[in-house]
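Position 1 is the first residue of the sequence; numbering continues from there. Both ligands and their constituent atoms are indexed starting at 1 by order of listing.
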Amino acid sequence: MPPVIAIQGLSKTYASGFQALKSIDLDIRRGEIFALLGPNGAGKTTLISIVCGIVRASSGSVTVDGHDIVSDFRAARGLIGLVPQELTTDAFETVWDTVSFSRGLFGKPRNPEHIEKVLRDLSLWSKKDSKIMTLSGGMKRRVLIAKALSHEPRILFLDEPTAGVDVELRKDMWEVVRALRASGVTIILTTHYIEEAEQMADRIGVINKGEIVLVEEKATLMRELGRKQLALQLNGRLHAVPEALQPYDLTLAEEGATLVYTYDTQGDRTGITGFLQDLSRAGIEFHDLQTTQRSLEDIFVDLVRQRR
Ligand SMILES: Nc1ncnc2c1ncn2[C@@H]1O[C@H](COP(=O)(O)OP(=O)(O)OP(=O)(O)O)[C@@H](O)[C@H]1O
Ligand SMILES: [Mg+2]
């Protein structure tokens with residue numbers, strides 16, 4: 001199936017001369033939740049803004065469901081809902097009016113039932129007649145989401161939707177996102193909460209200094225992450241892993257002075273007890289041990305640091 005968004009050789013140099021994106025290639029799959037992670041200033045908002053037609057690319061191309069975002073802008077933009085990072089709403093309008101108006105901007109016929117559903121899903125129904133300026137910050141963010149959903153987009157961009165949002169709202173929002181995904185909407189989100197990406201995303205992309213440095217299935221990443229290592233500092237040295245310990249995933253390090261056991265924390269049983277018993281039976285003694293585990297956060301920090 002062709003990607004729902006295809007980004008090729010996309011670069012952006014701002015008028016200041018700063019190059020925010022360096023030849024980005026990225027495909028977004030239909031119906032997935034894609035989490036774009038990256039430190040401040042990495043280029044996440046710039047990338048999203050180009051796809052949504054707010055910022056003009058310096059070079060490269062983007063198609064949205066086959067529509068070029070420049071030559072076929074209206075068709076491309078009509079498929080997209082955008083929840084921007086910055087809170088920008090009309091202070092004096094009511095929630096109902098501002099959300100309904102957004103739908104009209106996309107040339108869609110009025111559909112009060114849809115607007116009502118969106119407001120109810122986002123727990124905004126009781127505020128429908130309130131002026132935006134009387135709402136709390138978290139509620140204003142809900143309004144932004146409602147606006148983005150007003151024209152029934154097939155693709156939803158969420159740029160830092162949960163920054164400064166309380167736990168309750170964050171849960172609500174993720175429920176809405178999951179329901180949208182279940183209805184076939186493709187979701188691209190940025191977040192600084194890596195746990196959130198771990199929980200929500202089907203795939204994870206990492207961007208740093210305007211370059212994509214990793215794109216991976218979350219399940220694959222988690223399988224890697226699920227691995228934990230136990231390093232034993234042996235009393236003696238081993239030349240090879242003893243026959244009796246062959247069933248375990250073992251490697252020797254530091255010229256045979258360290259035995260490293262790699263195991264899967266996702267499994268029900270890690271096998272550590274059995275391993276230590278078999279080790280003792282094989283007459284192998286150790287004087288110290290450490291365990292290590294890489295989290296998505298570690299991988300992220302490594303990727304970003306290497307490229308400083
Ligand atoms: N209008 C602009 N003119 C000049 N430089 C800009 C402009 N907008 C963004 N930049 C620069 O481009 C780089 C990328 O910014 P961008 O907003 O895309 O980052 P980001 O990944 O979204 O960061 P954050 O996590 O802080 O939201 C930054 O160095 C920023 O200062
Ligand atoms: Mg940003």
Participant: Could you go through Glu116 and Arg120, starting from their C-alpha distance and side-chain angles, then the distance that decides it, and tell me whether this counts as salt bridge (Lys or Arg N to Asp or Glu O under 4.0 Å)?
Facilitator: CA-CA 6 Å; Glu116 176 172 346; Arg120 286 194 187 277; 2.9 Å; yes

Participant: Please walk me through it: do Asp172 and Arg142 pass salt bridge (Lys or Arg N to Asp or Glu O under 4.0 Å)?
Facilitator: CA-CA 10 Å; Asp172 283 1; Arg142 290 178 205 222; 3.5 Å; yes

Participant: Do Glu32 and Arg203 sit within salt-bridge range, that is, some charged N less than 4.0 Å from a carboxylate O?
Facilitator: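 Here Glu32 pairs with Arg203 in a salt bridge, since their nearest N and O are under 4.0 Å apart.
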
Participant: Using a 4.0 angstrom limit on heavy atoms, which residues are close to ligand 1?
Facilitator: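 Correct list: Tyr14, Ser16, Phe18, Ala20, Pro39, Asn40, Gly41, Ala42, Gly43, Lys44, Thr45, Thr46, Gln85, His192.
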
Participant: Considering the Mg ion (ligand 2), could you give the total of protein N/O/S atoms lying closer than 2.8 Å?
Facilitator: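 Count of protein N, O, S atoms less than 2.8 Å from the Mg ion (ligand 2): 2.
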
Participant: Answer yes or no: does atom NZ of Lys171 have more than 12 heavy-atom neighbours from other residues, nucleotides or ligands under 6.0 Å?
Facilitator: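 Counting other residues, nucleotides and ligands, NZ of Lys171 stays at 12 neighbours or fewer.
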
Participant: Hey, does Arg154 have a side-chain heavy atom less than 4.5 Å from the side chain of Asp65?
Facilitator: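 They are not in side-chain contact.
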
Participant: Taking atom types as modelled, find out whether Gln233 and Gln290 have a side-chain donor-acceptor pair closer than 3.5 angstrom.
Facilitator: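 Result is yes, a qualifying pair exists.
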
Participant: So, Thr45 versus Asp159: side-chain donor-acceptor pair below 3.5 Å or not?
Facilitator: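 Distance-only check passes for Thr45 and Asp159.
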
Participant: Run the salt-bridge test on Arg170 and Glu196 with the 4.0 Å N-O cut-off and return the result as yes or no.
Facilitator: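 Glu196 and Arg170: salt-bridged.
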
Participant: Would Tyr14 and Thr46 count as having a side-chain donor-acceptor pair, cut-off 3.5 Å?
Facilitator: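 Looking only at side-chain atoms, Thr46 and Tyr14 do form a donor-acceptor pair, the distance falling under 3.5 Å.
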
